[in-house]
There are 2 protein chains.
Amino acid sequence: MASDRQVLIMEAAVRVIARSGVRGLRVEQLAAEAGVSTALIYYHFKDRSGLIRRTLDFVSDRAVAYTDEAIARADDARGELEQMLLTELQDTPGVRENSTAWGELRASAVFESDDLRDALARSTRSWVTDVAEAIRAVRPDANAEDAAERLTALVEGLSERWLSGSLALERARELLRGGIAVELDAG
Amino acid sequence: MASDRQVLIMEAAVRVIARSGVRGLRVEQLAAEAGVSTALIYYHFKDRSGLIRRTLDFVSDRAVAYTDEAIARADDARGELEQMLLTELQDTPGVRENSTAWGELRASAVFESDDLRDALARSTRSWVTDVAEAIRAVRPDANAEDAAERLTALVEGLSERWLSGSLALERARELLRGGIAVELDAG
DNA sequence: GTCTATAGGAAGATAGAC
DNA sequence: GTCTATCTTCCTATAGAC
């Protein structure tokens, strides 16, 4: 249900959000980035919060795509799990953009409508479920749901620390690998 | 360096930020909350961003105070560690306010000056160090630094999920308790 | 130090032509 | 579907009296 034009605008929105935050996104600035007029943005997305809401969906779809690619590169169940989580902690432009935007959307949802919060909760749940499944593939006896929920929350916490300059990327990745090991060791 | 009036205003600012976010903070609204005029706020804090910067220092000082109180209530080393971390996941007005503001600080630092980022990194580091020490008191042989960094990042991740409506508070607390157990079990 | 009143400027949103 | 032009609202910040 997203036209080419809409995709173009949402791609630009992710770039702007990654650069200035949801809070810093100005419709006029986005229009310039996308090479369209502000009126067109309102035409396609109704209003600013509609735009943000649609962009959130867009970002989480892209994250799913990244994750799928990452899984494809793994050659065993353990590697698949590591890939699923470590993918979010990578300094390639696309991933960094996506992670930054995701963190922003999460943070701004604290003050936004139930609509945005629900969408975010659904995306989160779906990610957790996928990770739980990957954990079961490695350790069928584990409490996979809890471990998955912790590991994904850990990824978000580490990612936010990385992006806010409190933690070096390589250190964040090392901590995450350790966290995976710890969860898989535990009953 | 903070007069009574300034403290009054910053306390009100934390309440407003917890309710509307840093981006949602309106100077006029803050003036009403604090029971002063907008002009007085500019008189004391120069401008909006000066106010926010000072308020964020105020928040991290308060977080340290909460943690100290929590530690005092514990009766053994393990309880001390749990208190230090679980304190941040509590739905009392003061803590929720502080957690919300802290999350806002972290999220907005992604796009702010090095000054703010450095202050945040220092506060984070100091928290991690305290937690690492508490871990060593329970398990002297543990890799306390890594565990502390993961557990505090986990707290932030869970807290953000709670505040953004993706996770029930009691579930977040349960996951955190589990996380502490898992880290203490591991070598 | 503190207030009232207001200047001045963004930024979201829309009207109307093409 | 898309643009140019503009309206209106809202908000930061200051001037000036007390």
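Labels below follow one simple rule: chain letters A, B, ... track the order of the sequence lines, proteins then strands, and each chain is numbered from 1.
Taking every nucleotide of DNA chain D with any atom under 4.0 Å from a non-hydrogen atom of chain B, the first and last of them, 5' to 3', are D/dC11 to D/dA15.
With rounding to whole Å, A/Arg48 atom CZ is found 13 Å from C/dA10 atom C1'. A straight line from NZ of A/Lys46 to C1' of C/dG12 spans 13 Å, rounded to a whole angstrom.
Between B/Asp118 and B/Arg122 there is no salt bridge, since no side-chain N of the basic residue sits under 4.0 Å from a carboxylate O of the acidic one.
Considering only residues two or more places apart in sequence or on other chains, B/Arg62 meets the salt bridge (charged side-chain N to carboxylate O under 4.0 Å, His left out) condition with B/Glu97. The side chain to side chain contact (heavy atoms under 4.5 Å, CB included) search around B/Val64 returns B/Asp68, not counting sequence neighbours. Residues that satisfy the salt bridge (charged side-chain N to carboxylate O under 4.0 Å, His left out) test with A/Arg23, not counting sequence neighbours, are A/Glu104, B/Glu104.
Near DNA chain C, meaning a heavy atom under 4.0 Å away, the residues from residues 19-32 of chain A are A/Leu25, A/Arg26, A/Val27.
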Under 3.5 Å, side-chain donor or acceptor atoms of residues 128-137 of chain B against the rest of the protein: list the pairs with distances, not counting sequence neighbours.
from, atom 1, to, atom 2, distance (Å)
B/Thr129, OG1, B/Arg125, O, 2.8

N/O donor-acceptor pairs under 3.5 Å from side chains in residues 72-86 of chain A, not counting sequence neighbours:
from, atom 1, to, atom 2, distance (Å)
A/Asp76, OD1, A/Gly79, N, 2.8

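Other residues sharing a hydrophobic cluster with B/Met1 under the 4.5 Å side-chain heavy-atom criterion for ILVMFWY residues do not exist; the residue is a singleton. Through side-chain heavy atoms spaced under 4.5 Å, either directly or across other Ile, Leu, Val, Met, Phe, Trp or Tyr residues, B/Val182 is tied to A/Val182.
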